[in-house]
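Step one of this worksheet: look at the structure below.
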Amino acid sequence: MILGCSSQPKVLVAPTTAQPEVILVSEGESSQPSYSAYGNKLIFISRHRPGHQQAQVYERDLSSGRERRLTFQNGHLSWPRLHPQDRLMLYSSTTDELKESPPMLQEPGKGGKFPFPYSEPNELYLHNLDTLEMTRLTRRPGFDG
């Protein structure tokens with residue numbers, strides 16, 4: 001199964017050669033999909049949902065069709081990837097950086113020369129999918145993605 005985007009932004013679909021496209025996610029704006037090592041799960045970023053506006057990471061079990069929200073953060077999330085054993089996830093987030101260095105306290109017009117999201121202060125996190133415990137892996141100024 002190859003993952004692609006339909007002509008409608010905001011929808012993740014799975015086109016196959018034997019069957020027509022199948023809509024996997026139709027709620028919110030979804031992006032940055034990644035399969036598990038066995039191809040039975042999909043994790044992705046979704047934002048602008050009825051329960052939240054910020055980007056959050058979701059997991060979709062492709063055999064059962066069940067969806068589960070994995071993160072509950074107020075920062076920007078990017079590039080989620082599952083560990084080959086499917087119980088750990090690595091991603092980049094601004095969650096703690098927003099608390100430690102709020103954008104309101106920064107001098108206006110002092111942004112970097114890089115485009116979004118590379119101009120944001122991202123850190124890398126390891127996330128246990130069983131306990132939902134987060135471990136911050138990096139701790140330095142600037143972008144870690």
Side-chain angles (χ1 to χ4, degrees), residues 1-104 106 111-145:
M1 183 184 302
I2 299 172
L3 186 70
C5 292
S6 73
S7 59
Q8 303 170 348
K10 304 182 184 181
V11 178
L12 292 178
V13 297
T16 64
T17 56
Q19 299 175 355
E21 291 181 342
V22 176
I23 296 176
L24 298 177
V25 179
S26 59
E27 189 176 12
E29 293 179 9
S30 299
S31 63
Q32 302 178 28
S34 178
Y35 283 112
S36 64
Y38 298 106
N40 61 336
K41 293 183 181 177
L42 180 72
I43 60 169
F44 57 95
I45 299 286
S46 191
R47 62 179 54 83
H48 300 296
R49 287 191 169 208
H52 60 84
Q53 291 297 305
Q54 308 93 323
Q56 301 296 334
V57 179
Y58 282 80
E59 173 187 67
R60 163 103 33 203
D61 184 309
L62 298 175
S63 56
S64 69
R66 282 183 287 206
E67 184 177 273
R68 177 170 76 132
R69 182 174 167 183
L70 300 177
T71 60
F72 299 83
Q73 301 181 6
N74 61 355
H76 180 78
L77 290 151
S78 302
W79 303 290
R81 297 293 181 261
L82 286 171
H83 183 275
Q85 295 176 348
D86 290 349
R87 302 315 325 141
L88 297 171
M89 172 178 64
L90 180 69
Y91 60 92
S92 178
S93 175
T94 62
T95 298
D96 286 340
E97 286 290 316
L98 289 174
K99 294 173 191 165
E100 295 167 6
S101 180
M104 289 92 57
Q106 295 175 6
K113 297 179 182 178
F114 296 108
F116 175 81
Y118 305 106
S119 59
E120 287 196 322
N122 281 276
E123 297 295 337
L124 293 177
Y125 291 86
L126 189 64
H127 196 103
N128 184 311
L129 299 182
D130 293 326
T131 64
L132 299 181
E133 179 183 350
M134 294 175 14
T135 303
R136 184 172 171 176
L137 301 177
T138 58
R139 189 173 295 278
R140 59 186 192 156
F143 177 81
D144 288 313

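Heavy atoms only: backbone and side chains are in, while hydrogens, waters and symmetry mates are out. These numbers come from a predicted model, not from an experiment.
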task = With rounding to the nearest 0.5 Å, note down the distance linking NE2 in H76 to OG1 in T94.
result = 7.0 Å

message = Below 30° counts as parallel, above 60° as perpendicular, anything between as tilted: where do the rings of H127 and Y91 land?
response = tilted

task = Any chance you could measure E59, atom CD, to E67, atom CD, to the nearest 0.5 Å?
result = 10.0 Å

inquiry  = The test is salt bridge (charged side-chain N to carboxylate O under 4.0 Å, His left out); show your working for R47 and E29 and say whether it passes.
reply    = CA-CA 5 Å; R47 62 179 54 83; E29 293 179 9; 5.2 Å; no

task = For the residue pair L88 and L82, establish whether any side-chain heavy-atom pair is separated by less than 4.5 Å.
result = no

query = Side chains of M134 and L126: closer than 4.5 Å at any heavy-atom pair?
reply = no

request  = State, yes or no, whether a side-chain contact exists between V57 and I45 at a heavy-atom distance under 4.5 Å.
outcome  = yes

inquiry  = So L77 and Q56, do their side chains get closer than 4.5 Å, heavy atoms only?
reply    = yes

query = Atom CZ of R66 and atom CG of D61: how far apart are they, to the nearest 0.5 Å?
reply = 6.0 Å

key: Over 12 non-hydrogen atoms of neighbours within 6.0 angstrom of CD in E133   = no

ask   = Does E27 reach the side chain of S46, with side-chain heavy atoms less than 4.5 Å apart?
value = no

query = Got a donor-acceptor contact below 3.5 angstrom from the R69 side chain to the T71 backbone?
reply = yes

inquiry  = When you measure from the side chain of S92 to the backbone of S78, do you find a donor-acceptor pair of N or O atoms at a distance under 3.5 Å?
reply    = no

query = Taking all atoms of both residues into account, what is the closest heavy-atom pair of P80 and S34, and its distance?
reply = O-CB, 3.7 Å

Value rounded to 0.5 Å, distance of CD in Q73 from OH in Y125 = 7.0 Å

message = Quick check for you: to the nearest 0.5 Å, what is the distance between S36 atom OG and M89 atom CE?
response = 13.5 Å

